[in-house]
Amino acid sequence: MKYTEDHEWLSLDGDIVTVGITDHAQEQLGDIVFVELPEVGTLISKDDEVVVIESVKAASDIAAPIDGEIVEVNESLTTSPSKVNDDAEGEAWFFKVKIDDTSQLDQYMSEDDYKDLIA
Amino acid sequence: MADLKTTPLHALHRELGAKMVPFAGYEMPVQYPMGVMKEHLHTRAAAGLFDVSHMGQVMLESENAALDLERLVPQSLVGLKDRRQRYAFFTNESGGIMDDLMVARARDGHLFVVVNAACKDADIAHMKAGLQNSDVVVITDRALLALQGPLAEVALNRIIPVAEMAFMDIATFPSDYGNLWVSRSGYSGEDGFEISVQADRAEAFARALLAMEEVEPVGLGARDSLRLEAGLCLYGNDLDETTDPVQANLTWAIQKARKPGGERAGGYPGEHVISAKLANAPDPEDRRRVGIHPEGRAPMRDGVVLYEAEDAADPVGIVTSGAFGPTVGHPISMGYLPQRLSTTGTRIWGDVRGKRMPARVTDLPFRPSTYKR
(Lines give C-alpha, C1' and ligand atoms only; values in the text may rest on other atoms or scores of the structure.)
Protein backbone atom coordinates (compact mmCIF):
# COMPACT_ATOMS: atom_id res chain seq x y z
CA MET A 1 0.00 0.00 0.00
CA LYS A 2 1.22 3.51 -0.91
CA TYR A 3 -0.02 6.83 0.44
CA THR A 4 -0.22 10.35 -1.02
CA GLU A 5 0.10 13.68 0.76
CA ASP A 6 -3.53 14.24 -0.23
CA HIS A 7 -4.51 11.32 2.02
CA GLU A 8 -5.25 8.79 -0.70
CA TRP A 9 -4.16 5.17 -0.56
CA LEU A 10 -3.10 3.13 -3.59
CA SER A 11 -2.94 -0.63 -3.73
CA LEU A 12 -1.25 -2.32 -6.69
CA ASP A 13 -2.30 -5.73 -8.04
CA GLY A 14 -0.66 -6.57 -11.39
CA ASP A 15 -1.30 -3.49 -13.53
CA ILE A 16 -4.45 -2.44 -11.61
CA VAL A 17 -4.29 0.20 -8.89
CA THR A 18 -7.15 0.51 -6.41
CA VAL A 19 -7.57 4.03 -4.97
CA GLY A 20 -9.37 5.24 -1.85
CA ILE A 21 -8.97 7.80 0.92
CA THR A 22 -7.34 7.10 4.25
CA ASP A 23 -9.08 6.64 7.54
CA HIS A 24 -7.45 9.88 8.67
CA ALA A 25 -9.01 11.69 5.68
CA GLN A 26 -12.53 10.43 6.36
CA GLU A 27 -12.16 11.48 9.99
CA GLN A 28 -11.18 14.99 8.92
CA LEU A 29 -14.02 15.22 6.39
CA GLY A 30 -16.72 14.18 8.84
CA ASP A 31 -19.93 12.38 7.94
CA ILE A 32 -19.92 11.72 4.20
CA VAL A 33 -23.28 12.15 2.49
CA PHE A 34 -22.48 12.03 -1.24
CA VAL A 35 -19.85 10.50 -3.51
CA GLU A 36 -19.61 11.21 -7.25
CA LEU A 37 -17.46 8.73 -9.17
CA PRO A 38 -15.90 8.88 -12.65
CA GLU A 39 -17.23 6.73 -15.49
CA VAL A 40 -15.60 3.45 -16.36
CA GLY A 41 -13.43 3.93 -19.45
CA THR A 42 -12.37 7.47 -18.53
CA LEU A 43 -8.71 8.19 -19.22
CA ILE A 44 -7.28 10.09 -16.30
CA SER A 45 -4.10 12.08 -15.80
CA LYS A 46 -2.41 12.75 -12.50
CA ASP A 47 -4.06 15.70 -10.65
CA ASP A 48 -7.36 15.46 -12.60
CA GLU A 49 -10.29 15.91 -10.26
CA VAL A 50 -11.93 12.51 -10.54
CA VAL A 51 -14.10 12.10 -7.45
CA VAL A 52 -16.28 14.56 -5.53
CA ILE A 53 -17.04 13.83 -1.90
CA GLU A 54 -19.53 15.84 0.08
CA SER A 55 -19.51 15.67 3.83
CA VAL A 56 -22.01 17.37 6.11
CA LYS A 57 -19.57 20.29 6.07
CA ALA A 58 -18.45 20.81 2.47
CA ALA A 59 -17.56 19.37 -0.92
CA SER A 60 -14.03 18.10 -1.55
CA ASP A 61 -12.35 16.97 -4.75
CA ILE A 62 -10.18 13.91 -4.94
CA ALA A 63 -7.38 14.24 -7.48
CA ALA A 64 -6.14 11.33 -9.59
CA PRO A 65 -2.78 10.24 -8.13
CA ILE A 66 -1.65 8.55 -11.37
CA ASP A 67 -2.20 8.35 -15.15
CA GLY A 68 -4.32 5.51 -16.47
CA GLU A 69 -7.78 4.25 -17.44
CA ILE A 70 -10.66 3.79 -15.01
CA VAL A 71 -11.67 0.13 -15.23
CA GLU A 72 -14.03 -0.16 -12.28
CA VAL A 73 -15.78 2.15 -9.80
CA ASN A 74 -17.32 1.33 -6.43
CA GLU A 75 -20.99 1.96 -7.29
CA SER A 76 -22.10 0.99 -3.78
CA LEU A 77 -20.73 4.32 -2.52
CA THR A 78 -23.27 6.33 -4.49
CA THR A 79 -26.12 4.73 -2.55
CA SER A 80 -24.24 4.25 0.74
CA PRO A 81 -21.73 7.12 1.00
CA SER A 82 -21.38 6.58 4.76
CA LYS A 83 -19.39 3.41 3.97
CA VAL A 84 -16.44 5.75 3.51
CA ASN A 85 -16.69 6.67 7.19
CA ASP A 86 -17.05 3.05 8.24
CA ASP A 87 -14.31 1.37 6.16
CA ALA A 88 -12.27 3.92 4.22
CA GLU A 89 -9.23 1.69 3.73
CA GLY A 90 -11.21 -1.46 2.97
CA GLU A 91 -14.62 -1.84 1.33
CA ALA A 92 -14.97 1.86 0.55
CA TRP A 93 -12.40 2.04 -2.26
CA PHE A 94 -13.34 4.58 -4.96
CA PHE A 95 -12.03 3.33 -8.29
CA LYS A 96 -9.58 0.99 -10.02
CA VAL A 97 -7.14 2.26 -12.62
CA LYS A 98 -5.26 0.24 -15.24
CA ILE A 99 -1.76 1.68 -15.58
CA ASP A 100 1.11 1.13 -18.01
CA ASP A 101 3.92 2.21 -15.79
CA THR A 102 3.89 0.90 -12.24
CA SER A 103 6.90 3.06 -11.34
CA GLN A 104 4.37 5.93 -11.00
CA LEU A 105 3.75 4.62 -7.51
CA ASP A 106 7.37 5.03 -6.45
CA GLN A 107 6.86 8.72 -5.68
CA TYR A 108 4.41 7.93 -2.88
CA MET A 109 4.89 7.23 0.80
CA SER A 110 5.09 3.98 2.68
CA GLU A 111 2.63 3.34 5.49
CA ASP A 112 5.22 4.31 8.10
CA ASP A 113 6.02 7.59 6.35
CA TYR A 114 2.33 8.37 6.05
CA LYS A 115 1.80 7.67 9.75
CA ASP A 116 4.60 10.13 10.50
CA LEU A 117 2.92 12.72 8.27
CA ILE A 118 -0.39 12.59 10.11
CA ALA A 119 1.10 12.12 13.58
CA MET B 1 -7.91 32.72 16.87
CA ALA B 2 -6.42 35.53 18.91
CA ASP B 3 -8.99 38.24 18.35
CA LEU B 4 -12.02 36.07 18.92
CA LYS B 5 -14.33 36.42 21.89
CA THR B 6 -15.22 33.38 23.95
CA THR B 7 -18.33 32.36 25.86
CA PRO B 8 -18.52 31.34 29.53
CA LEU B 9 -18.55 27.68 28.37
CA HIS B 10 -15.30 27.93 26.41
CA ALA B 11 -13.22 25.79 28.77
CA LEU B 12 -15.97 23.17 28.88
CA HIS B 13 -16.12 22.97 25.07
CA ARG B 14 -12.38 22.35 25.00
CA GLU B 15 -12.64 19.73 27.71
CA LEU B 16 -15.41 17.96 25.77
CA GLY B 17 -13.16 17.77 22.70
CA ALA B 18 -15.07 20.25 20.56
CA LYS B 19 -13.68 21.43 17.26
CA MET B 20 -13.67 25.21 17.65
CA VAL B 21 -14.20 27.59 14.73
CA PRO B 22 -14.58 31.35 14.35
CA PHE B 23 -18.25 32.35 14.10
CA ALA B 24 -19.59 35.91 14.25
CA GLY B 25 -16.49 37.08 16.13
CA TYR B 26 -16.58 34.22 18.65
CA GLU B 27 -14.65 31.01 18.95
CA MET B 28 -17.49 28.47 18.95
CA PRO B 29 -17.86 24.67 18.88
CA VAL B 30 -18.83 23.47 15.40
CA GLN B 31 -18.94 19.85 16.51
CA TYR B 32 -17.97 17.51 19.33
CA PRO B 33 -16.36 14.07 18.93
CA MET B 34 -19.80 12.55 18.22
CA GLY B 35 -19.88 14.37 14.85
CA VAL B 36 -22.46 16.54 13.10
CA MET B 37 -24.69 13.75 11.84
CA LYS B 38 -25.01 11.90 15.14
CA GLU B 39 -25.41 15.16 17.07
CA HIS B 40 -28.28 16.06 14.74
CA LEU B 41 -29.96 12.67 15.13
CA HIS B 42 -29.42 12.68 18.90
CA THR B 43 -31.20 16.04 19.16
CA ARG B 44 -34.17 14.64 17.23
CA ALA B 45 -34.24 11.45 19.35
CA ALA B 46 -33.33 12.70 22.86
CA ALA B 47 -31.87 16.09 23.82
CA GLY B 48 -29.03 18.26 22.58
CA LEU B 49 -27.36 21.04 24.57
CA PHE B 50 -26.23 24.07 22.54
CA ASP B 51 -24.15 27.03 23.66
CA VAL B 52 -25.77 30.09 22.09
CA SER B 53 -24.14 32.60 24.44
CA HIS B 54 -22.73 34.47 21.44
CA MET B 55 -26.22 35.80 20.76
CA GLY B 56 -27.15 39.19 22.16
CA GLN B 57 -29.42 39.39 25.21
CA VAL B 58 -30.99 42.80 25.70
CA MET B 59 -33.62 44.12 28.11
CA LEU B 60 -35.80 47.02 26.97
CA GLU B 61 -36.85 48.70 30.17
CA SER B 62 -40.00 50.80 30.25
CA GLU B 63 -43.68 50.16 30.81
CA ASN B 64 -44.25 51.05 27.18
CA ALA B 65 -41.39 49.05 25.69
CA ALA B 66 -43.85 47.13 23.49
CA LEU B 67 -45.28 50.21 21.81
CA ASP B 68 -41.78 51.65 21.59
CA LEU B 69 -40.28 48.61 19.82
CA GLU B 70 -43.19 48.56 17.36
CA ARG B 71 -41.48 51.59 15.76
CA LEU B 72 -38.70 49.28 14.58
CA VAL B 73 -40.47 46.00 13.74
CA PRO B 74 -43.69 45.10 11.86
CA GLN B 75 -44.84 42.77 14.65
CA SER B 76 -47.60 43.42 17.18
CA LEU B 77 -45.85 43.62 20.54
CA VAL B 78 -48.62 45.51 22.28
CA GLY B 79 -50.63 42.36 21.57
CA LEU B 80 -48.00 40.14 23.16
CA LYS B 81 -49.32 38.77 26.43
CA ASP B 82 -47.33 38.67 29.67
CA ARG B 83 -44.79 35.85 29.74
CA ARG B 84 -45.12 35.14 26.04
CA GLN B 85 -42.50 35.30 23.31
CA ARG B 86 -42.73 36.09 19.59
CA TYR B 87 -40.52 35.97 16.47
CA ALA B 88 -39.81 39.41 14.99
CA PHE B 89 -37.48 41.23 12.61
CA PHE B 90 -36.01 44.70 12.29
CA THR B 91 -36.75 46.30 8.91
CA ASN B 92 -34.90 49.09 7.13
CA GLU B 93 -36.31 52.01 5.11
CA SER B 94 -36.57 49.91 1.95
CA GLY B 95 -38.36 47.10 3.77
CA GLY B 96 -35.31 44.81 3.96
CA ILE B 97 -34.68 42.69 7.03
CA MET B 98 -31.82 44.00 9.23
CA ASP B 99 -31.96 41.05 11.63
CA ASP B 100 -34.44 38.56 13.02
CA LEU B 101 -34.97 38.29 16.75
CA MET B 102 -37.04 36.85 19.57
CA VAL B 103 -39.03 39.22 21.78
CA ALA B 104 -40.50 38.19 25.13
CA ARG B 105 -42.72 40.19 27.44
CA ALA B 106 -41.16 40.03 30.89
CA ARG B 107 -42.08 41.71 34.21
CA ASP B 108 -43.60 45.21 34.26
CA GLY B 109 -44.01 45.28 30.49
CA HIS B 110 -40.27 45.17 29.89
CA LEU B 111 -39.18 43.27 26.80
CA PHE B 112 -36.42 40.68 26.74
CA VAL B 113 -34.87 40.53 23.28
CA VAL B 114 -32.46 37.98 21.82
CA VAL B 115 -30.63 38.98 18.62
CA ASN B 116 -28.12 37.28 16.32
CA ALA B 117 -24.45 37.43 17.27
CA ALA B 118 -23.27 38.84 13.95
CA CYS B 119 -25.80 41.69 14.10
CA LYS B 120 -25.86 42.46 17.80
CA ASP B 121 -23.73 45.60 17.85
CA ALA B 122 -25.73 47.08 14.97
CA ASP B 123 -29.02 45.99 16.56
CA ILE B 124 -28.14 47.56 19.90
CA ALA B 125 -27.17 50.85 18.24
CA HIS B 126 -30.37 50.69 16.19
CA MET B 127 -32.50 50.19 19.31
CA LYS B 128 -30.68 52.90 21.26
CA ALA B 129 -31.28 55.34 18.42
CA GLY B 130 -34.84 54.31 17.67
CA LEU B 131 -36.38 53.73 21.09
CA GLN B 132 -37.00 57.10 22.71
CA ASN B 133 -38.85 55.91 25.78
CA SER B 134 -37.04 52.72 26.82
CA ASP B 135 -33.66 52.04 28.35
CA VAL B 136 -31.72 49.59 26.19
CA VAL B 137 -29.84 47.45 28.71
CA VAL B 138 -27.36 45.05 27.18
CA ILE B 139 -26.93 41.94 29.31
CA THR B 140 -23.28 40.88 29.32
CA ASP B 141 -23.13 38.79 32.48
CA ARG B 142 -25.37 35.92 31.37
CA ALA B 143 -24.79 32.90 29.14
CA LEU B 144 -27.51 31.47 26.89
CA LEU B 145 -27.99 27.74 26.46
CA ALA B 146 -30.50 25.85 24.35
CA LEU B 147 -31.72 22.40 25.29
CA GLN B 148 -33.59 20.90 22.34
CA GLY B 149 -35.28 17.62 21.62
CA PRO B 150 -38.13 15.33 22.71
CA LEU B 151 -36.45 14.58 26.06
CA ALA B 152 -35.49 18.21 26.82
CA GLU B 153 -38.49 18.60 29.11
CA VAL B 154 -37.71 15.46 31.11
CA ALA B 155 -34.10 16.55 31.53
CA LEU B 156 -34.63 20.20 32.47
CA ASN B 157 -37.55 19.32 34.73
CA ARG B 158 -35.11 17.59 37.11
CA ILE B 159 -33.64 21.03 37.82
CA ILE B 160 -36.61 23.39 37.53
CA PRO B 161 -40.36 22.74 37.02
CA VAL B 162 -40.82 23.53 33.33
CA ALA B 163 -43.38 20.88 32.35
CA GLU B 164 -46.32 23.29 32.50
CA MET B 165 -44.76 25.75 30.04
CA ALA B 166 -46.15 25.78 26.49
CA PHE B 167 -44.32 26.67 23.27
CA MET B 168 -43.26 30.35 23.36
CA ASP B 169 -43.99 30.74 27.10
CA ILE B 170 -41.30 32.36 29.23
CA ALA B 171 -40.70 32.00 32.98
CA THR B 172 -38.03 32.64 35.58
CA PHE B 173 -37.02 30.08 38.19
CA PRO B 174 -34.70 30.24 41.18
CA SER B 175 -32.33 27.26 41.07
CA ASP B 176 -29.04 25.85 42.34
CA TYR B 177 -27.50 27.77 39.43
CA GLY B 178 -28.95 31.16 40.26
CA ASN B 179 -32.03 32.66 38.66
CA LEU B 180 -32.78 30.99 35.32
CA TRP B 181 -34.71 32.84 32.59
CA VAL B 182 -36.38 30.18 30.49
CA SER B 183 -38.34 30.25 27.25
CA ARG B 184 -39.90 27.18 25.69
CA SER B 185 -38.49 27.74 22.25
CA GLY B 186 -35.40 27.17 20.17
CA TYR B 187 -34.26 26.91 16.59
CA SER B 188 -34.18 23.20 15.82
CA GLY B 189 -37.82 22.45 15.04
CA GLU B 190 -37.92 20.40 18.24
CA ASP B 191 -39.65 21.03 21.50
CA GLY B 192 -37.12 22.55 23.84
CA PHE B 193 -35.93 25.46 25.90
CA GLU B 194 -33.57 28.40 25.82
CA ILE B 195 -32.12 29.19 29.22
CA SER B 196 -30.36 32.38 30.22
CA VAL B 197 -28.07 31.73 33.19
CA GLN B 198 -25.54 33.87 35.07
CA ALA B 199 -22.17 33.60 33.35
CA ASP B 200 -20.42 32.40 36.52
CA ARG B 201 -22.97 29.58 37.02
CA ALA B 202 -23.28 28.55 33.37
CA GLU B 203 -20.62 25.85 33.37
CA ALA B 204 -22.01 24.16 36.48
CA PHE B 205 -25.50 24.28 34.97
CA ALA B 206 -24.28 22.85 31.66
CA ARG B 207 -22.41 20.08 33.48
CA ALA B 208 -25.55 19.17 35.43
CA LEU B 209 -27.47 18.78 32.16
CA LEU B 210 -24.66 16.93 30.38
CA ALA B 211 -24.47 14.46 33.28
CA MET B 212 -27.98 13.30 32.35
CA GLU B 213 -28.24 10.28 30.10
CA GLU B 214 -30.51 12.02 27.57
CA VAL B 215 -28.26 15.03 26.99
CA GLU B 216 -25.30 15.36 24.60
CA PRO B 217 -23.48 18.54 23.59
CA VAL B 218 -24.30 19.70 20.06
CA GLY B 219 -22.32 22.18 17.95
CA LEU B 220 -23.10 24.78 15.33
CA GLY B 221 -22.84 22.22 12.50
CA ALA B 222 -25.86 20.28 13.65
CA ARG B 223 -27.62 23.47 14.73
CA ASP B 224 -27.49 24.49 11.06
CA SER B 225 -28.82 21.21 9.64
CA LEU B 226 -31.54 21.07 12.33
CA ARG B 227 -32.80 24.58 11.60
CA LEU B 228 -32.70 23.94 7.86
CA GLU B 229 -34.82 20.78 8.18
CA ALA B 230 -37.21 22.87 10.28
CA GLY B 231 -37.41 25.45 7.45
CA LEU B 232 -36.02 28.21 9.68
CA CYS B 233 -33.98 31.08 8.24
CA LEU B 234 -30.35 31.80 8.99
CA TYR B 235 -29.75 35.54 8.96
CA GLY B 236 -26.97 36.40 6.51
CA ASN B 237 -27.81 33.37 4.36
CA ASP B 238 -31.57 33.27 3.88
CA LEU B 239 -32.33 36.80 5.05
CA ASP B 240 -30.50 40.06 4.46
CA GLU B 241 -30.97 43.79 4.14
CA THR B 242 -32.08 43.52 0.50
CA THR B 243 -34.82 41.00 1.24
CA ASP B 244 -38.21 42.07 2.55
CA PRO B 245 -40.58 39.90 4.64
CA VAL B 246 -42.88 39.20 1.66
CA GLN B 247 -39.95 37.93 -0.41
CA ALA B 248 -38.72 35.94 2.61
CA ASN B 249 -42.15 34.30 2.95
CA LEU B 250 -42.39 35.56 6.52
CA THR B 251 -45.71 37.41 6.28
CA TRP B 252 -47.12 34.89 8.80
CA ALA B 253 -44.93 36.67 11.36
CA ILE B 254 -46.63 40.04 10.76
CA GLN B 255 -49.75 40.19 12.90
CA LYS B 256 -53.06 41.58 11.63
CA ALA B 257 -52.81 44.67 13.85
CA ARG B 258 -49.76 45.85 11.89
CA LYS B 259 -50.99 44.92 8.40
CA PRO B 260 -52.91 47.37 6.16
CA GLY B 261 -56.30 48.05 7.83
CA GLY B 262 -55.08 46.88 11.25
CA GLU B 263 -55.43 49.01 14.39
CA ARG B 264 -51.70 49.87 14.48
CA ALA B 265 -50.98 49.39 10.77
CA GLY B 266 -47.58 50.54 9.53
CA GLY B 267 -45.39 52.84 11.58
CA TYR B 268 -42.22 50.79 11.11
CA PRO B 269 -39.27 51.35 8.73
CA GLY B 270 -40.00 50.32 5.16
CA GLU B 271 -43.75 50.27 5.80
CA HIS B 272 -44.51 51.74 2.35
CA VAL B 273 -42.78 48.85 0.58
CA ILE B 274 -44.14 46.06 2.77
CA SER B 275 -47.72 47.38 3.09
CA ALA B 276 -47.99 47.80 -0.68
CA LYS B 277 -46.88 44.22 -1.22
CA LEU B 278 -49.28 42.94 1.45
CA ALA B 279 -52.20 44.88 -0.07
CA ASN B 280 -51.63 44.01 -3.73
CA ALA B 281 -51.55 40.85 -5.83
CA PRO B 282 -48.03 39.38 -5.96
CA ASP B 283 -45.69 40.44 -8.75
CA PRO B 284 -44.88 37.15 -10.56
CA GLU B 285 -41.25 38.24 -11.00
CA ASP B 286 -40.70 39.23 -7.35
CA ARG B 287 -38.48 36.85 -5.36
CA ARG B 288 -39.87 34.27 -2.94
CA ARG B 289 -38.08 32.09 -0.41
CA VAL B 290 -38.87 28.44 -1.14
CA GLY B 291 -37.89 24.98 0.00
CA ILE B 292 -35.95 22.97 -2.59
CA HIS B 293 -35.68 19.19 -2.73
CA PRO B 294 -32.83 18.10 -5.04
CA GLU B 295 -33.85 14.93 -6.90
CA GLY B 296 -30.38 13.37 -6.75
CA ARG B 297 -28.13 12.79 -3.78
CA ALA B 298 -25.81 15.74 -4.37
CA PRO B 299 -26.46 18.59 -1.93
CA MET B 300 -27.20 22.00 -3.49
CA ARG B 301 -25.40 24.33 -1.12
CA ASP B 302 -25.65 28.09 -0.75
CA GLY B 303 -24.58 29.87 -3.92
CA VAL B 304 -25.90 27.21 -6.31
CA VAL B 305 -27.52 29.08 -9.19
CA LEU B 306 -31.04 27.99 -10.22
CA TYR B 307 -32.49 27.72 -13.72
CA GLU B 308 -36.00 27.30 -15.06
CA ALA B 309 -34.94 24.62 -17.57
CA GLU B 310 -32.03 22.27 -18.07
CA ASP B 311 -30.82 24.29 -21.07
CA ALA B 312 -31.95 27.79 -19.95
CA ALA B 313 -29.28 30.44 -20.44
CA ASP B 314 -30.29 32.87 -17.71
CA PRO B 315 -30.52 32.02 -14.02
CA VAL B 316 -33.81 32.62 -12.20
CA GLY B 317 -32.71 32.18 -8.60
CA ILE B 318 -30.15 31.04 -6.08
CA VAL B 319 -29.80 28.63 -3.17
CA THR B 320 -29.18 30.41 0.15
CA SER B 321 -28.85 27.36 2.45
CA GLY B 322 -28.23 23.76 1.52
CA ALA B 323 -27.11 20.59 3.22
CA PHE B 324 -27.86 16.94 3.67
CA GLY B 325 -30.83 16.49 6.01
CA PRO B 326 -29.87 13.67 8.38
CA THR B 327 -33.44 13.10 9.62
CA VAL B 328 -35.15 13.27 6.24
CA GLY B 329 -32.31 11.32 4.63
CA HIS B 330 -31.85 13.41 1.51
CA PRO B 331 -30.33 16.74 0.50
CA ILE B 332 -32.36 19.84 1.35
CA SER B 333 -32.05 23.49 0.36
CA MET B 334 -33.71 26.85 0.73
CA GLY B 335 -33.42 29.57 -1.83
CA TYR B 336 -35.10 32.29 -3.81
CA LEU B 337 -37.10 31.94 -7.04
CA PRO B 338 -39.51 34.23 -8.88
CA GLN B 339 -43.00 34.07 -7.34
CA ARG B 340 -44.31 32.47 -10.56
CA LEU B 341 -42.00 29.49 -9.96
CA SER B 342 -42.59 29.23 -6.21
CA THR B 343 -45.48 26.73 -6.35
CA THR B 344 -44.85 23.39 -4.65
CA GLY B 345 -43.86 20.75 -7.18
CA THR B 346 -42.34 23.14 -9.74
CA ARG B 347 -39.29 21.57 -11.34
CA ILE B 348 -36.13 23.65 -11.46
CA TRP B 349 -32.44 22.99 -12.16
CA GLY B 350 -29.43 23.82 -10.06
CA ASP B 351 -25.89 24.20 -11.37
CA VAL B 352 -23.76 21.85 -9.27
CA ARG B 353 -20.09 21.93 -10.33
CA GLY B 354 -21.06 22.84 -13.90
CA LYS B 355 -23.80 20.24 -14.22
CA ARG B 356 -27.52 21.02 -14.25
CA MET B 357 -29.18 18.86 -11.60
CA PRO B 358 -32.99 18.60 -11.24
CA ALA B 359 -34.83 19.67 -8.10
CA ARG B 360 -38.37 20.45 -7.03
CA VAL B 361 -39.87 23.32 -5.10
CA THR B 362 -41.25 21.86 -1.89
CA ASP B 363 -43.19 22.89 1.21
CA LEU B 364 -41.34 23.99 4.32
CA PRO B 365 -40.51 22.64 6.83
CA PHE B 366 -38.83 19.53 5.43
CA ARG B 367 -39.66 17.81 8.69
CA PRO B 368 -42.76 18.74 10.71
CA SER B 369 -41.85 20.58 13.89
CA THR B 370 -42.76 19.08 17.26
CA TYR B 371 -43.39 22.16 19.39
CA LYS B 372 -45.50 21.70 22.52
CA ARG B 373 -48.50 23.92 21.81
Side-chain angles (χ1 to χ4, degrees), chain A residues 6-7 20-42 44-45 47-64 70 73-89 91-95 118-119, chain B residues 17-23 28-44 218-229 294-304 319 321-333 350-357 359:
Chain A
D6 297 327
H7 310 286
I21 61 167
T22 64
D23 195 50
H24 173 78
Q26 70 76 17
E27 225 168 75
Q28 295 297 310
L29 289 167
D31 304 300
I32 289 161
V33 296
F34 174 75
V35 176
E36 187 179 284
L37 297 164
E39 283 181 26
V40 170
T42 310
I44 58 168
S45 305
D47 299 332
D48 284 356
E49 287 164 4
V50 281
V51 175
V52 178
I53 303 180
E54 297 235 16
S55 74
V56 285
K57 295 171 209 162
S60 320
D61 294 309
I62 304 296
I70 303 278
V73 298
N74 190 352
E75 291 289 354
S76 73
L77 300 185
T78 54
T79 48
S80 308
S82 63
K83 265 192 180 176
V84 181
N85 294 116
D86 299 336
D87 195 9
E89 299 192 20
E91 277 194 23
W93 56 275
F94 286 156
F95 54 85
I118 60 173
Chain B
K19 185 177 172 198
M20 306 298 285
V21 297
F23 182 82
M28 297 297 291
V30 65
Q31 65 170 85
Y32 297 86
M34 189 182 238
V36 176
M37 187 95 85
K38 289 199 180 95
E39 289 170 27
H40 178 117
L41 295 170
H42 182 86
T43 304
R44 294 259 185 260
V218 179
L220 292 177
R223 184 171 162 82
D224 193 50
S225 52
L226 288 159
R227 68 93 197 163
L228 182 55
E229 277 186 346
E295 290 180 12
R297 289 193 60 96
M300 293 186 185
R301 297 183 192 269
D302 62 290
V304 164
V319 171
S321 284
F324 183 80
T327 309
V328 297
H330 59 74
I332 53 176
S333 302
D351 184 314
V352 180
R353 293 179 286 270
K355 268 184 252 171
R356 298 275 172 101
M357 309 293 278

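Lettering of chains follows the sequences in order, A, B, ..., and the numbering in each one begins at 1.
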For atom CD of B:Glu295, decide whether the heavy atoms of other residues, nucleotides or ligands shown that lie under 6.0 angstrom number more than 12. yes
Taking side chain as C-beta onward, heavy atoms only, is A:Asp31 less than 4.5 Å from B:Lys38? no
Heavy-atom contacts under 4.5 Å, residues 48-58 of chain A to chain B: A:Val52, A:Glu54, A:Ser55, A:Val56, A:Lys57, A:Ala58
Contact origin within B:Ala298 toward chain A - heavy atom pairs under 4.5 Å: both
Residue pair A:Ala59 / B:Arg301: nearest heavy atoms and the distance that separates them: N-NE, 4.1 Å
Under 4.5 Å from any heavy atom of chain B - which part of A:Thr78: backbone
